[in-house]
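So the structure is just underneath, and the comments pick up after that.
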Protein chains: 4
Amino acid sequence: MIKGFTLPRTPKGTASLVPHPPWHYVGNVVAVEYEADQALIEAYLPEPLTLESTKCCIYFVDWQYASAYGEEYLDPAESQYKETIILMSAAYKGEPMAYCPYIWVDQDKAFLRGLIQGWPKQIGETHISKGFTLESKAAPAGRFGATLTVNGKRYIESQLLLNEEDAEMPSPTFSGSALLRYFPNLENEKHHEPLINELVQLKSRDVKVSMVSKGDAKLNFVVSPEHELSDFKPIKVLDGYRFQVALTVDDLKVLEKLI
Amino acid sequence: MIKGFTLPRTPKGTASLVPHPPWHYVGNVVAVEYEADQALIEAYLPEPLTLESTKCCIYFVDWQYASAYGEEYLDPAESQYKETIILMSAAYKGEPMAYCPYIWVDQDKAFLRGLIQGWPKQIGETHISKGFTLESKAAPAGRFGATLTVNGKRYIESQLLLNEEDAEMPSPTFSGSALLRYFPNLENEKHHEPLINELVQLKSRDVKVSMVSKGDAKLNFVVSPEHELSDFKPIKVLDGYRFQVALTVDDLKVLEKLI
Amino acid sequence: MIKGFTLPRTPKGTASLVPHPPWHYVGNVVAVEYEADQALIEAYLPEPLTLESTKCCIYFVDWQYASAYGEEYLDPAESQYKETIILMSAAYKGEPMAYCPYIWVDQDKAFLRGLIQGWPKQIGETHISKGFTLESKAAPAGRFGATLTVNGKRYIESQLLLNEEDAEMPSPTFSGSALLRYFPNLENEKHHEPLINELVQLKSRDVKVSMVSKGDAKLNFVVSPEHELSDFKPIKVLDGYRFQVALTVDDLKVLEKLI
Amino acid sequence: MIKGFTLPRTPKGTASLVPHPPWHYVGNVVAVEYEADQALIEAYLPEPLTLESTKCCIYFVDWQYASAYGEEYLDPAESQYKETIILMSAAYKGEPMAYCPYIWVDQDKAFLRGLIQGWPKQIGETHISKGFTLESKAAPAGRFGATLTVNGKRYIESQLLLNEEDAEMPSPTFSGSALLRYFPNLENEKHHEPLINELVQLKSRDVKVSMVSKGDAKLNFVVSPEHELSDFKPIKVLDGYRFQVALTVDDLKVLEKLI
């Protein structure tokens with residue numbers, strides 16, 4: 001009998017790309033709230049989600065991960081990855097709920113864990129300025145940048161000047177997001193009949209959040225206007241945020257099957 | 001209505017990571033046939049596959065890809081990727097059929113197309129010596145190397161000295177391979193009840209193969225003996241091969257659903 | 001006594017980043033001739049070089065390398081690299097001679113060999129379409145793309161449609177280029193007194209060139225107009241080329257010391 | 001007149017790979033002190049340096065950088081890099097002074113700044129576990145790993161369990177290290193007559209160091225025993241350290257010219 005939570009399935013099950021949950025995460029987050037164009041983004045929502053507002057939030061996260069079975073934090077080449085997440089403000093049956101139209105990570109394990117949860121993951125390079133406790137001209141207080149590059153092209157650039165401590169979290173938040181669990185069928189004549197097509201809701205537990213810093217932000221979508229991603233370009237940039245978050249994932253809620 | 005063959009599903013469907021089939025491929029292949037240890041590899045086969053022989057073949061491929069909808073070959077950062085494939089000699093109901101226990105690619109599009117076909121893809125860096133028509137001490141006639149690195153560790157190293165033209169193709173061949181189409185369920189209590197678990201068979205069409213070169217080969221698994229991959233280390237190295245292949249994929253055959 | 005042609009200098013000298021010459025190269029080249037703006041590029045030439053014409057040529061090269069001491073072609077992770085070279089048409093004491101204002105490679109060994117020759121190397125990612133002998137929709141006859149990405153930003157994009165065989169080589173050619181051998185001084189008060197500042201001329205031997213294909217080309221500098229590199233953007237694109245070249249380097253000619 | 005502290009030298013001097021000093025740095029450091037084999041390492045020292053002791057220290061550093069002219073910290077793809085440094089305990093005319101036999105960085109700007117200072121830099125991938133203020137199973141208190149990969153091969157692995165606060169800095173320290181400023185000559189017949197060959201001493205100013213954590217460490221050189229780097233493998237591992245450092249560089253001291 002072959003074993004393992006994901007492919008490759010093997011006799012011992014220790015070579016699977018992603019081990020059985022729970023999956024533990026801790027990360028440094030830079031986020032920018034902004035308004036996008038309702039006419040461009042509303043059509044991204046799978047029914048029966050509705051648009052709650054045009055407020056979006058882009059998160060740039062520097063993650064460290066460990067499973068329950070390994071000590072992945074001791075092999076940082078395997079346990080670290082960076083992520084860019086765009087969330088829009090949706091509602092499901094009247095309940096406000098974020099929805100994720102686009103997300104990029106830089107590692108296969110995070111990519112596959114994402115697909116399993118319904119995150120529409122792609123590979124991209126996220127870069128995020130670091131903060132330091134020592135004073136240095138290489139890291140001036142409160143000044144941070146974050147960028148996304150995909151297939152060798154810069155897509156998104158952001159800059160923050162934080163000047164307020166102990167702020168509220170940005171919104172929409174990725175906790176409890178609605179996602180699309182989806183797996184297409186390659187069999188001829190069935191290319192339009194996916195094997196899995198469900199609206200699901202992210203579940204996480206043991207969530208901890210640090211104090212939140214807040215301030216001014218710039219946000220630029222430098223992606224080609226011919227790329228659909230440009231639908232999510234900001235029409236008004238709101239505030240910038242920085243905080244730390246820790247959480248554990250080992251469950252998912254199915255909201256409903258889609259046709 | 002959102003569209004697209006895969007996530008992300010979008011209003012126009014042009015931002016999906018993988019477009020609708022057909023998918024066209026052409027690549028330069030270096031391959032090494034070898035014998036592995038029956039006691040270690042037999043348990044990799046999902047029932048009802050049976051072990052046909054202990055002969056394995058490892059393929060290192062430098063691919064260029066295009067869909068039916070784009071001109072991806074004009075943006076080589078998007079259309080090129082490299083791959084390492086291990087195949088073992090299985091049989092399904094008496095019919096010889098390769099089975100893939102491990103495979104690595106270096107690109108997200110190839111990763112997701114792979115999962116859709118049942119390839120147990122992971123991200124890894126494949127390097128393959130190039131051949132040139134000009135005579136050069138930087139590319140001596142018939143001498144090639146190929147290596148695989150995963151998570152910053154060298155896993156596999158191979159060297160070839162080709163001295164025979166117009167040879168037969170190596171075997172087992174990846175055309176018509178049996179694969180495992182698999183998608184796990186993250187819902188609590190259902191971690192051992194996958195949403196998809198099927199034995200499928202790869203289908204390709206318009207397959208073209210160049211003349212095949214053949215010769216002597218070395219093959220070394222330098223992966224840690226604690227890694228399950230070491231089950232596939234060679235106990236006897238057979239011949240080395242080099243050729244070019246082109247093919248198109250837009251179908252898949254379901255052999256049977258697994259429990 | 002420590003040994004080695006470059007740092008690190010070690011007891012045996014086998015760990016030096018770059019071994020003693022000769023260095024052997026073979027590569028596949030895609031090139032585009034174009035005209036740039038005289039007012040923007042003329043000031044790039046160190047005296048006593050003069051501008052011969054506004055004709056430039058950009059080369060995208062996929063190299064394989066070996067020293068006289070190793071068999072680097074058998075470890076392709078060490079022996080392969082890609083390069084983008086911009087050349088302008090200069091003259092030295094009346095003799096036409098290319099001059100290189102900008103060049104990017106993706107490997108440290110090539111970077112350091114470059115500095116030793118006077119190439120103004122930086123790290124960048126070059127991607128080049130591959131040609132195949134098999135017919136495939138993934139590699140249509142004569143159609144090639146080449147791109148340069150630096151620090152996560154696309155700088156240059158090019159496309160070729162080749163339709164003529166057995167053409168002349170493009171010009172200016174990198175063989176015999178004038179370069180600047182330069183090493184600054186970090187000692188305080190001497191930041192403007194370089195330790196080395198010489199006009200040199202590239203020497204290569206055993207040069208072989210394949211048949212040359214030629215055709216139409218597009219060339220786009222997508223780099224920010226604030227970057228000095230935009231000085232070299234095309235005002236008129238001429239022809240595109242594709243060929244193979246092999247050469248050996250173990251010498252350099254000093255033209256004159258600069259002040 | 002062309003300008004710039006390094007190649008490429010350009011009309012405005014803003015495209016040079018490395019801008020004029022000063023260069024500002026701040027970084028998170030993981031370090032392991034250890035003893036190496038005197039018979040293997042002593043011959044690494046250029047005369048007149050002498051071996052002070054067999055104590056070595058390996059530093060893994062996650063740096064952020066800015067020049068005096070840019071705001072590089074706002075473009076993290078340009079301002080961040082990681083580094084692995086091996087230092088040995090030398091003395092110059094009776095004065096204890098670290099000497100660097102091997103160092104790896106993952107960025108061209110850091111590579112070239114290094115050569116200018118005499119660091120024997122090569123490109124390699126350093127990975128270092130991150131610490132977080134939130135409690136998480138993905139980052140247990142005091143547990144860190146650090147690794148070095150070069151050309152797709154893991155070379156060095158380290159693990160730390162820190163359990164002591166407010167410790168002394170490790171030694172030998174990189175501040176005030178002796179280095180070899182070296183530039184070879186490619187002119188035929190002069191391959192053994194370098195253009196620059198000087199013993200120099202690193203100078204830094206505005207150095208700030210955080211509180212230092214200390215504890216137990218493991219250190220493994222997994223590099224092939226045929227590679228000269230294996231000369232520096234530990235024969236006894238001492239303590240592990242973690243701290244933050246900030247410094248500025250704009251000067252260098254020449255100790256003496258070597259023949």
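Per chain, numbering begins at 1; letters A, B, ... match sequence-line order. This structure is a prediction, so every number in the text was calculated from the model and none was measured.
The structure places CG of D:Leu74 at 10.0 Å from CZ of A:Phe144, a figure rounded to the nearest 0.5 Å. In this structure, D:Leu134 CG and A:Lys208 NZ are separated by 7.0 Å, a value rounded to the nearest 0.5 Å. For the atom pair A:Phe132 CZ and D:Trp63 CH2, the distance stands at 9.0 Å (nearest 0.5 Å). Between A:Ser79 atom OG and D:Lys130 atom NZ the span is 8.5 Å, to the nearest 0.5 Å. With rounding to the nearest 0.5 angstrom, the CZ atom of A:Arg154 is 5.0 Å from the CG atom of D:Asp75.
Other residues, nucleotides and ligands contribute only 12 or fewer heavy atoms inside 6.0 Å of the CD atom of A:Glu135.
Note on A:Ala146, A:Ser210, A:Ala138, A:Gly145: by heavy-atom pairs under 4.5 Å with chain D, the leading option is A:Ala138. The candidate from D:Ala68, D:Gly27, D:Pro22, D:Ser158 with the greatest count of non-hydrogen atom pairs under 4.5 Å with chain A is D:Gly27.
No donor-acceptor distance shorter than 3.5 angstrom exists from the side chain of D:Glu125 to the backbone of A:Ala77, with no hydrogens or angles considered. A:Gln244 places a side-chain N or O within donor-acceptor distance of the main-chain N or O of D:Thr133, the cut-off being under 3.5 Å.
Neither the backbone nor the side chain of A:Asp206 comes within less than 4.5 Å of any heavy atom in chain D. A:Gln64 touches chain D through backbone and side chain together, each having a heavy atom under 4.5 Å away.
Within the 4.5 Å cutoff, side-chain heavy atoms of D:Tyr73 are placed close to those of A:Pro140. Contact of the A:Thr248 side chain with the D:Lys137 side chain is not registered, since no non-hydrogen atoms from C-beta on lie closer than 4.5 Å. Looking only at side-chain heavy atoms (C-beta outward), A:Glu71 and D:Arg143 come within less than 4.5 Å of each other.
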